[in-house]
Every structure is written in structure tokens, then in C-alpha cells.
Amino acid sequence: MKHQHRYDASGKQLCCTLEEKINKKTDKQTGCCSTHNEHEHSDDDGHDHSGTDQTTFQMFLPAIISFTLLLIAIGLDNYFPQSWFTGYVRLGWYIFAYLPVGFPVLKEAFESIRKGEIFSEFLLMCIATIGAFSIGQFPEGVAVMLFYAIGEIFQTLAVQRAKSNIKLLLDQRPDEATVLINGNATIKKASEITIGEIIQLKSGEKLALDGKLLTDNATFNTSALTGESKPDTKLKGEAVLAGMINLNTIAQVEVTTAYTDSKLSKILEMVQEATAKKAPTELFIRKFAKIYTPIVVFLAIAICVLPMLFVDNYVFRDWLYRALVFLVISCPCALVISIPLGYFGGIGAASKNGILFKGSSFLDIMASIQVVVMDKTGTLTKGVFKVQKVVAVDISEADLVKFTSALETKSTHPVGTAIIEYAKGTEKNATVTDVEEIAGHGLKGKVDGKEILAGNAKLMQKFNISYDVEIDNTPFTIIVIAINQKYAGYFLIADEIKEDAKQAIESLHKINIKTVMLSGDKQAVVNAVAKELNIDLAHGDLLPEHKVEKVQELKQQNLKIAFVGDGVNDAPVVALADAGIAMGGLGSDATIETADIVIQNDQPYKIYTAINIGKKTKQIVWQNIGLAFTVKAIVLVLGAGGLATMWEAVFADVGVALLAILNAVRIQRMKF
């Protein structure tokens, strides 16, 4: 079957390139899947499907053998001359030194030509090295191929490291669940759970797959899916979604969605597609190389042949050598290899820090962000109830906490759970009797013989108990307490701000990025959070369409905007922003799928980290472009004038490529 080249939407060739070769190697090593499907080509089209796991030593072994033989040959040529090391023996020695690193490249060049891809990186290296052999420059011929092979190994290791970081990140996500089989609880991989099986969900556990609730009722933290800070109580038969966290009693869920349709699977697909979305700089270099490579081949031929018409003492061997030097210098390996690697290194470094970039283009965008717009619930706050303040009246705070938490042990409401957590066990020795739940109001009961009322202001009004009316003006949830028909104080319960939220805002301000908060919560609540975090602008009482309007207003000012959200209602705004960022640890499938960047661990500080990685990646890419063009321009002039040898050419091409690769790898070792 005749081979058909494959291209992506941007025109990038997906086969018969050094990048494809390296990606296939690293996919075998890391267990990841590459971005193309193997069934798209036939088994006999020259692709190697065998792929075995290689250690780093095994990867370097051909280069070590070649380098050792080359050093011995150079020693016998220049430092320890031997009478037998001449003629065919010398040629054979250099050929043996060449083959470990040269044969794989010769094979790739042959396969590329057979498939119609003539001007590949492989062919340029073959022409240069075989040409060097043809004019007797054996050491240079071996050295060019040796350094090219070493460069390829370094790139393979760098890409492998980046993919391993991504794979490790994904492996940390929960992928097991407790399944009931014939009444027995069994731990099972989420990928093996089928539709119809029953998952048993303990308190605090996250649901692995979508399903239908079988228990009479259960309360879930759904802030990631709905954007609402209040926990949601589900009744029997209602749908519950992957990512919801069970808050109290043990719940049973019948699975209704296959693992392949889960959030985890979708994120894995995004990882595979991440490198396909190229940055503008990378796309330019690819197009540049596609035009540039054939031009330099013909220029090299011209350097060799044209002087015949103008130079009196024309020596073919000398001009061929100059042409080969020019060809080696001109090879765009340093750019073609190091620039994609720089971006891939950025994606890998981000993954190591719990951030998934869906393409290198978003690294460039994050480097130029001017405004970060954030949702409140689930992004800057945890989306869970916590006791923020306790006010006791005519009673000690310890006794108020003890009596209230003891009464709340008879309730399953999340607000009660927050008070019990705050009490830290002080209620354990109390005797609780005659507990009555008053729907929509709160609880009534006896604790150690004292009548306790715990609920909202309506409960106090129902029993004609006077209380501090200032409570009615508080934007947060208030649990008012009365003991023996007398007002005893209150608990202020609110959504807790994430530990690193303030640090995140401060860090963004330090790099002159404006911060804006949009929320569906009351304006009073939004203002309180904005004041505590020192956010520049804050808007509350917003529906999803209002959030879109606010972002559009900012875009009309020609500002580069990143929007960070975690709920389904954030998906439209995430799509509208220049860079849409999803809080992915608990974030909804819709938002994660729409977003350009996913923060896996839900930490707001990672917004700053993502911008920092984008800036550093762009800096490294432009360092590599500058290095490659400067060195090549200098040595090209020297080479065309006959002042540069093949050794300078090796440095200008493979040496610069190696330096650029090492520079690109540097980002994966940086701490952000």
C-alpha cells in the first residue's frame, strides 16, 4: 500500500519526521499513547511497531561505541601513528565507527525518500556525512553523525521526562471505587466498573463515575459542578455525577456512565492532544524549515559547482568540502528540535506542578496575560461550610459550643456537621434527648436537661425569643442559639477561603496583573471576600450570562484576559477568555473540556505559576532562536569563504542544537 503523508489542521506533517520518531520511542517508554492512531497507516509502511523498553545506557550505547572507535582512530591518525592504520584498514575502521550511529539515520532517510519526503533532517545528515567520507574527511563524517545521534538521544530523554511527568500527574487521580458484589464490598478499578454495578461511597469519598443514587438521601459537595457553595442533598433515584464528594452517611450509587466517558478519560485524551496545538513561534519555524531546507541544499550545490565558471584554479574537492560545510551549518536541526522541545518542556514542567496546558500556544498566551478574572466559589474559596466565628451571650463559648454540637449530632445537615467539626469532640459526654427537627427552621432538644434551640432567625421568631437584630444584616449563614428560652449567641458559618488565595492575588499584583472576581453569590459576600484578598474589582449577584458580559467589557479594552472557574456555569466565560483556566481537581467535565489550561489540585496560586511557566518557556524559546541564528550566520559566512572547517560546522549545527536542547530541558528542572 502506498504511504500517504498525514497532516494536522495547521499543516504540520505528522509522519516521517524526527519528531514522530522520538514521540513513538517515548510513548513506548512511558506507556502513553501518541497523538495519532496506529491504524491510520499499514503495518508495512516503514513504521517500527516493535518498540522495546530501553534504559538510558542502552540508548547511549551506539553513540558510546561510535565515540570510542572515533577517539581511537583520531589517536592512531595524529598521536600514535601505526603503519597498518592506512588504506582500506583505516577506511573500514571509520566505517565501523560510523555505522552504530549512521545506519539508523540512513535507514530513516531511505524510508522518507520512499514515502516522498525528500528534504528531511535525515537526508541532510546523510549527504553531509557521506560527502565528507567521499573526500577523505573520515573523522568529520563520523563526528557529524555522532553528534546528531547524541542530540536525538537528548531530545528523546527530554520528551520522555516531560511525558512521564504528565503520566505521573494522571496516575495520582483517584481511579478506584468500592463496588458491592453479592453484598460484599470489593475494591475495583474504575476502568473495570460496568454500567449497572453498585458503588458504595463512604463519607468524604469522591464519586468515580456518574450514576443514580440508591440510598434514600445523601448530601454531596457539588460546588465544582454547579458553582454553588451550599452542599446539595440528593434523594433516591436522582443523578449524581463523577467529582461529587459524599459529605455524611454511606451512600450507594448505581453506575450509569462508562469509564471511557468519565472526566479522567477526557483529561487523558487532552494530554495526548496537547502537543498538537502549536504556538505561533513553533508554527513559523516549521514553515520556515520546510522552505529553508530545500533552498540550502540547492545553495550548497551552487557553492560546489558555480565557482567552476569564475575561479581560475578551481579544485572540485575544495569547493565540495565548502559546500558540505555550508550544508551542515545550514541544517535547521537546532531550531526544528529545540523549539518544540522548549514548549514541550514547558508543558512537562507545568504538569509536574499540577497544571495541564492543552497546547504550547497557551504557554505563549499566558506569558502575555494582563487581567485574571476569577470565579469565587471553588476557585478562591473551598465551597464547603466552616465555622468562622462564635459569639456567646451570658454563657461561656466552650459551653455554647458543647451544647450546640451535642444537639447537632442528631442532625445530618452539613451546617450541623461544620459545628461538630469545630467542637472537636467536646460534645461526647453530653446527654441528648427529645430532639425534634422543625422543617425550614432548625432543631429543638434537650442537652444535659437544658432546652436548646439551634437554627435560623425564623426559629427564634417562632418561639418569641428576642435576639440581636444585627444578625439579620449578615450576608453569611448564621445559626442562632437559645438555651431555656433565652438568646445565648450564634455561630457564623461561611465558605472558607483557600489557604493560598491571598498569596495568589499578591503574586499576581507583583507582576502587574489586574485581578477581577465574578460570582453568583450576594454582593455583600463577594465584597467581604474581595476585601480580605485585596482583589481589584469584585462583582456579585451575577448569572452566567452576566459573567460573559463582564468579560466582554474587559475584552473591548484590548486586554489579554485569563478566566479561572470550576463550575458548569463558568464554561461559557472560560471559552470566551484568551486563556480559559479550569480548576480540575473537582471541576466539572464541561469546564475542563472547554478550558485551555486545567489546574489539577485546585490551588489559586497555580494561576501565578502557570503565568510564570509561560513567561519562562517563551524566554527559553527566544534564547534558542537567537543562539541558533547568530552562530549559524557567523559560521555560514566563514564556511562560504573557506575559513571554517567541518569541525566548526559540527559545532554550528549539532553543537548549537545540543546547547539549545540542554537549555530547553532546563525548564523542567526549575522550581516554580
Side-chain angles (χ1 to χ4, degrees), residues 17-32 34 46-77 85 89-112 120-126 128-130 132-133 138-164 167 328 331 333-334 337-338 341 344-345 647 650-651 653-662 664-665 668-669:
T17 63
L18 179 62
E19 185 179 3
E20 185 216 22
K21 178 184 175 184
I22 286 171
N23 272 322
K24 286 180 70 181
K25 277 186 183 178
T26 54
D27 290 341
K28 296 288 185 184
Q29 293 287 98
T30 60
C32 291
S34 89
H47 289 70
D48 177 18
H49 293 268
S50 59
T52 54
D53 290 344
Q54 285 186 305
T55 63
T56 304
F57 175 75
Q58 287 171 328
M59 292 172 72
F60 274 103
L61 186 58
I64 292 169
I65 293 169
S66 180
F67 182 64
T68 305
L69 291 173
L70 177 62
L71 282 182
I72 294 170
I74 291 173
L76 293 173
D77 270 343
F85 194 68
V89 173
R90 182 171 178 268
L91 173 62
W93 188 285
Y94 277 109
I95 289 174
F96 274 114
Y98 177 85
L99 285 176
V101 289
F103 179 74
V105 181
L106 289 168
K107 183 183 174 185
E108 293 286 351
F110 174 75
E111 291 294 343
S112 295
S120 64
E121 302 100 322
F122 312 117
L123 182 68
L124 290 183
M125 287 296 103
C126 292
T129 53
I130 292 171
F133 266 82
F138 306 149
E140 287 94 329
V142 175
V144 168
M145 193 60 83
L146 172 62
F147 282 104
Y148 176 80
I150 291 172
E152 183 183 314
I153 295 166
F154 271 104
Q155 187 188 8
T156 302
L157 290 172
V159 172
Q160 184 177 312
R161 181 184 175 88
K163 287 191 175 185
S164 294
K167 186 171 182 288
V328 173
C331 183
C333 287
I337 291 175
S338 69
L341 182 57
F344 205 96
W647 292 104
V650 167
F651 173 74
D653 174 46
V654 187
V656 169
L658 275 173
L659 289 174
I661 287 165
L662 292 173
V665 169
Q668 293 183 52
R669 298 183 180 276

Pairwise distance [atom1]([X]) to [atom2]([Y]) - rounded to 0.5 angstrom:
| X | Y | atom1 | atom2 | value |
| --- | --- | --- | --- | --- |
| I95 | F133 | CD1 | CZ | 6.0 Å |
| F96 | I65 | CZ | CD1 | 12.0 Å |
| M145 | I130 | CE | CD1 | 7.0 Å |

Sequence neighbours excluded, which residues qualify as ring pair (Phe, Tyr, Trp, His ring centres under 6.0 Å) partners of F60?
F154
Those residues at least two apart in sequence (or on a different chain) that pass ring pair (Phe, Tyr, Trp, His ring centres under 6.0 Å) with Y94 are F138
Heavy-atom closest pair (I64 atom, T68 atom, distance to 0.1 Å) is O-OG1, 2.7 Å
Would you please name every residue forming a side-chain hydrogen bond (donor to acceptor under 3.5 Å, both in side chains) with T129, sequence neighbours left out?
Y98
What residues, two or more places apart in sequence or in another chain, satisfy side chain to side chain contact (heavy atoms under 4.5 Å, CB included) together with A63?
V101, L146, I150, I153
Going by side chain to side chain contact (heavy atoms under 4.5 Å, CB included), name the residues that satisfy it together with A97, two or more places apart in sequence or in a different chain.
L69, V142
Not counting sequence neighbours, list each pair that qualifies as a salt bridge (charged side-chain N to carboxylate O under 4.0 Å, His left out) and has a residue in residues 89-105.
D77-R90
